[in-house]
Amino acid sequence: MKRFFSLMALAISLTAFAQTPPFVSVNDIQFVSASDLANCNDTSQYHGDTVRTVGVVVVDGGLVEVPSGSVQGGFRPFMYIADTATGTTAEPFKAIEVLCSYSTGTNLVAHPTATQVIAGDIVEVIGVVDMFASNNQLEIIDLNSITLLSGTQTPPQAAVVDLGDLNDNNRVNQLETGEQWEGSFVELQNVTVVSVDLFAGGNRVSFDVVDANGNRINVSDRFIAQKMNNHTPVNPESPFAVANGGPGAGQFTPPTVGAFYNSIRGIVLHSGNGCTGGNGRGYEINPFDSTHYNLGASPPFIENVARLPMVPTSSQTVEVNFTAYDLDGTIDELELYYSTDSTAPISSFSNVTPQLIPGTADEYSAVIPAQPNGTFVRYYIEAIDNDSNVTQSPFGATDAYENIHFYTVRDGGMVIPDIQTALDFGASPYVNQQVTVTGVVSASTRVCDLGFVYIQDPNFSEWAGVALVGSPDLATLFRDEEITVTGTVEENFGFTQINVSNITKTGNRETVQPVVINPNMPAMYASGEVEKYEGMLVRAENPNGSIVISDPRRGNFGDYLISTDTANGLNESTIVLAGRDGNSRSSLYVSVVNDSAWATNNGTMMVPVVLTDQSMTFDAIEGMWYFGFGEYRLLPRANDDFINPNFALDSTDCRPTVSIKQFEDEVFARIFPNPAHSQVTVQSERGENVVIYDLNGRVIVRAELINGETVINVENLKSGMYIMRLVEQGRIIKTAKVLVH
């Protein structure tokens, strides 16, 4: 009996030991050898391991401000901790980001301690060492993963770091000198703002700065410090929240391009690019307090640049209006320079002297003469103040071809390439502008299609496609229909789309032909040139054989890689995304996925699951070219976008054509009440299922008709317009709009 109890005690002891992860210091988690970094490997030696560590909190938990629809409460918490062995100033490899949400099996939940810690608290963290977009992070497991320890410690102050140690002139990460500062509190000195990006409906800000050598970094928006006055705080412990005595909104004022900062401080995070793969922003700096911005002497300011008309005809002159002023002096010289020769050097540009608009003190206007149809016109504005400081709009216009305002003269009106073309491979030049363009539907929300709407101009082979969102009438569109849309251009985390307010069907039909690409194009990824295919239908094809799957499970978002060779890595492969997850725009009608979990995640897949493996080959794969999570992806629309696979795929041709609309009109259905508040009843003489979609094409509710009737609970739906479809034998037989209030 004694031996039995001894063995049982030993078993309990071993079990307890197995459940307690080994202690690893923050420094050891983050450290990567110089040889690994030289070989483009920035992965922690503990990657994938569950570890226990202790650190001092560097950022108050209430200052983190990351909205997230996938976490209960709409907020994703993080902690930023430094190794307790760190001195008074941040040191290399001694800080890390902690992702503080965990899964309960049905939901992602924010850990309450993460929002309540303050700088100087000492915490013990248990989590898995992982990486997101090349940024190392410790991901907690459950509610017991964070323990607030007794005592405090003065957190390390910002270490002064050379911007060139982090990124080069193209924001490409410099691993050998930059990785050591990932997660750390640093200070950059003597930098100038070169671009400003307002996103998330204009209530959040990020901006790029450069040093004297042109090295470039993004000043990012991880904390409350860069939320504007139309942002409502989501962190329950935010000092800006009304409940905590705050104003109930952000208070950041965006800088102006050309502004000079003596210094900027913040946490360094990594958005991988260059040799590590990906198309992120490189290393970024994230200020978390208003004192982290030290604005220096003021150069002239050029703001509110507007062009009328945006796209002129050959008979129209172009009026460029803008505001120009100098905070600490006067503007002594002001000129607008332009050229109608797309290859002409800046030195040969013609000039127009802007005139002060009567009745104003700082508003100017300059006129560019009318030009022939098809002319590509470049222009920029330059101001010089009494201290000989020079400001250009766009910033750096005389330094590079892409730093320039531009337009194309179109007698036939604006085309999609006008919206998409970006000489710097960045955002659309028409962000927040209302536009009208015509295109052919290349993807729709119909059965056996992507579930999201894209249009493409068949007259162009580059910059010719764009995604559409917004209008409930998008659900009425079929692939191959030509339409004219009016709406506002948006950048959704770098992805250009039109928020549509009006749709007109021209009555014409045309099948969009895909642009053929080689899935192995590392040079185009590195330069950003692949941006010209964003929103377009592309066909990935091997010029010398078959397409293969080079990595069957590339990440946690349903990704897999296709290439011409199974040995090729990310730098030489195209990312394919299939299987709907909470943040993707991929299709429910694509069988080939990297995990069966996607079969029921954010909608139910409508075709059988076929798991990826390296034995699969294809003549080609077609789909929409999408930018998300900092990377470009190919999104197949349905199984028939996989051309001649060496395995069986079901439902390869199940899309309805325009003629189905006539069939829909013949089906009678009664939907009441509409508008609905708590429930809606559907009665129909035909049909098997009722499916409700939001305006982005996501399945929200699915119900079965029993004896021709079903009652659907909608009280948990957000107020707004939804699309209801009646389905019979896999085909839509009736479409209707339902308003929930």
Side-chain angles (χ1 to χ4, degrees), residues 168-171 190-196 208-216 256-260 298-308 310-312 314 316-326 329-356 364-409 417-418 421-427 429 463 527-529 532:
D168 67 9
N169 292 34
N170 295 312
R171 285 196 319 203
N190 302 321
V191 293
T192 303
V193 178
V194 293
S195 68
V196 180
D208 279 12
V209 298
V210 298
D211 64 11
N213 297 314
N215 300 309
R216 184 166 179 152
T256 300
V257 171
F260 179 82
S298 175
F301 285 79
I302 302 173
E303 300 175 334
N304 306 317
V305 178
R307 182 177 69 245
L308 188 68
M310 291 189 298
V311 179
S314 57
Q316 293 176 308
T317 60
V318 170
E319 183 177 332
V320 180
N321 298 318
F322 59 94
T323 302
Y325 59 93
D326 188 59
T330 59
I331 294 179
D332 288 356
E333 297 181 42
L334 188 61
E335 294 289 337
L336 181 146
Y337 296 89
Y338 74 94
S339 175
T340 59
D341 182 347
S342 62
T343 62
I346 294 291
S347 58
S348 68
F349 276 35
S350 303
N351 67 298
V352 175
T353 301
Q355 301 299 310
L356 188 67
Y364 293 85
S365 179
V367 176
I368 299 175
Q371 305 295 331
N373 182 44
T375 302
F376 180 68
V377 181
R378 293 178 293 153
Y379 66 98
Y380 69 95
I381 305 163
E382 183 175 87
I384 304 175
D385 68 11
N386 57 301
D387 295 319
S388 299
N389 294 316
V390 179
T391 295
Q392 294 163 347
S393 175
F395 181 84
T398 58
D399 297 330
Y401 173 85
E402 62 270 15
N403 298 334
I404 204 83
H405 295 301
F406 61 92
Y407 61 87
T408 301
V409 179
D418 292 328
T421 299
L423 299 183
D424 62 353
F425 304 124
W463 309 105
S527 67
E529 191 178 353
K532 66 186 181 182

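Predicted model only: the values in this text are computed from it and were never measured.
A search for side chain to side chain donor-acceptor pair (under 3.5 Å) contacts involving Gln316 returns Thr313, not counting sequence neighbours. Residues satisfying the side chain to side chain donor-acceptor pair (under 3.5 Å) criterion with Tyr337, sequence neighbours excluded, are absent altogether. With sequence neighbours excluded, no residue forms a salt bridge (Lys or Arg N to Asp or Glu O under 4.0 Å) with Glu303. Applying the side chain to side chain donor-acceptor pair (under 3.5 Å) rule to Asp332 yields the partners Thr330; only residues at least two apart in sequence or on another chain are considered. By the side chain to side chain donor-acceptor pair (under 3.5 Å) test, Ser314 is found to be paired with Asp411, residues two or more places apart in sequence or in another chain being considered.
When side chains are defined from C-beta on, Phe260 counts as touching Asn190, because their heavy atoms get closer than 4.5 Å. In this structure the side chain of Pro429 never reaches within 4.5 angstrom of the side chain of Thr421, judged on heavy atoms. Val305 is listed as a side-chain neighbour of Val320, based on a closest heavy-atom distance under 4.5 Å. The side-chain heavy atoms of Ile368 and Leu336, taken from C-beta on, include a pair separated by under 4.5 Å. Contact annotation: the side chain of Ile404 approaches that of Ile346 to within less than 4.5 Å [non-hydrogen atoms, C-beta and beyond].
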Exercise. Could you give me the CA-CA distance, side-chain angles and deciding distance for Thr398 and Tyr380, then say whether side chain to side chain contact (heavy atoms under 4.5 Å, CB included) is met?
Key: CA-CA 9 Å; Thr398 58; Tyr380 69 95; 3.7 Å; yes
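A donor-acceptor pair under 3.5 Å is formed between the side chain of Asp211 and the backbone N or O of Asn213. One N or O on the side chain of Asp385 and one on the backbone of Asp387 form a donor-acceptor pair closer than 3.5 Å. Side-chain atoms of Arg378 do not come within 3.5 Å of backbone N or O of Phe349 as any donor-acceptor pair.
Separating the CG atom in Asp326 from the CG atom in Asn386 is a distance of 6.0 Å, to the nearest 0.5 Å. In this structure, CG on Asp168 lies 11.0 Å from CZ on Arg216, to the nearest 0.5 angstrom. Distance check: Asn321 CG to Asn304 CG gives 10.5 Å after rounding to the nearest 0.5 Å. Distance check: Thr353 OG1 to Glu335 CD gives 3.5 Å after rounding to the nearest 0.5 Å. Considering OG of Ser339 and CZ of Phe376, their distance stands at 10.0 Å, rounded to 0.5 Å. A distance of 8.0 Å separates CD1 of Ile331 from OG1 of Thr391, quoted to the nearest 0.5 Å.
Using cut-offs of 30° and 60° for the angle between ring planes, the Phe301 and Tyr325 rings count as parallel. Ring-plane geometry between Phe322 and Tyr364 is classed as parallel, the angle between the planes falling under 30 degrees on a 0 to 90 degree scale with a further cut at 60.
When all heavy atoms of Ala383 and Leu334 are compared, the closest pair comes out as CB-CD1, 3.7 Å.
For residues 368-377, there are no side chain to side chain donor-acceptor pair (under 3.5 Å) pairs, not counting sequence neighbours.
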